[in-house]
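The next block holds one structure in the form of structure tokens; read it before the comments.
Here the structure is a predicted model, which is why all the values come from computation and not from measurement.
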Amino acid sequence: MARLPLPGPLQHPRNEYAPRPPGGGQAAPLPQPDGLARPASGHRTVRETRAFDLPAVPASVRTARGGVRETLTARGVAHDVCDNAVVVTSELVTNALTHSAGDRVVCRLHLTADLIRVEVEDQARGPGLPVLRRPGPEAQNGRGLLLVDALSGSWGVTGSPGGPGRTVWAELRREADPSAPAPPRAE
């Protein structure tokens, strides 16, 4: 299996390299696509991993979305499943940027034969854990995790090993749900 190129060290606008990963401590080596690895939950063998080390700036949402779309498209993932994974990535990265009060995040994409797992690790400097809210119809925000919940089979939050960071993750089936209605066809 071919190795995916992983991005280099995070470079801040001041051209200084960020010395620590989200959550503090030493940076652990990332799992490689041709080796066995485990996501933050530790319960599935990963066949491929892609990671994006991102500064905590709004443009990082676009970077993460593009990287996820590019990876899944290259792996032949169905368009609707790819679109759902991109929306989930966008919401998780946006939440990390909005609520964690850190200076960087790491977005990881783990692929198995049947699942896509999106993980976003932040520095957990915000006031609390991510929670599913039920905003009113006039609310301007608060719907991100509702989208994640609707589009993924499961999601959750785990602590980062050896530091104060946390990882918010979501899993999507790699194959489209056969019981779901087919999208309308363009003619």
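- For the atom pair OG1 (Thr94) and NE2 (His99), the distance works out to 9.5 Å, reported to the nearest 0.5 Å.
- Separating the OG1 atom in Thr89 from the CZ atom in Arg108 is a distance of 13.5 Å, to the nearest 0.5 Å.
- The shortest distance between side-chain heavy atoms of Arg50 and Glu70 falls below 4.5 Å.
- In this structure, Leu115 CG and Leu172 CG are separated by 8.5 Å, a value rounded to the nearest 0.5 Å.
- Sorted by first and then second residue, the pairs that involve residues 54-67 and meet side chain to side chain donor-acceptor pair (under 3.5 Å), not counting sequence neighbours, are Arg65-Ser90.
- Taking the side chain as every heavy atom from C-beta outward, Val77 and Arg174 approach each other to under 4.5 Å.
- Heavy atoms only, all atoms of each residue included: Gly102 and Ala56 are closest at O-CB, 3.4 Å.
- Looking only at side-chain heavy atoms (C-beta outward), Arg173 and Val81 stay at 4.5 Å or farther from each other.
- In this structure a side-chain-to-backbone donor-acceptor pair under 3.5 Å is present from Gln123 to Asp103.
- Atom CG in Leu54 sits 12.0 Å away from atom CD in Glu121 (nearest 0.5 Å).
- The closest side-chain heavy-atom distance from Val93 to Leu97 is below 4.5 Å.
- The two residues Ala96 and Val105 make their nearest non-hydrogen contact at CB-CG1, 3.7 Å.
- In this structure, the side chains of Arg47 and Leu111 stay at 4.5 Å or more apart for every pair of heavy atoms.
- Minimum heavy-atom separation, Trp155 to Val168: CE3-CG1, 4.5 Å.
- With values rounded to the nearest 0.5 angstrom, Leu151 atom CG is found 10.5 Å from Leu146 atom CG.
- Atom CZ of residue Arg75 and atom CD1 of residue Ile116 lie 11.5 Å apart, to the nearest 0.5 angstrom.
- Of all heavy-atom pairs spanning Ser152 and Val148, the tightest one is OG-O, 2.5 Å.
- A 4.5 Å side-chain heavy-atom check between Asp122 and Val106 finds every atom pair outside the cut-off.
- A search for side-chain contact (heavy atoms from CB on, under 4.5 Å) contacts involving Ser154 returns Trp169, Glu171, not counting sequence neighbours.
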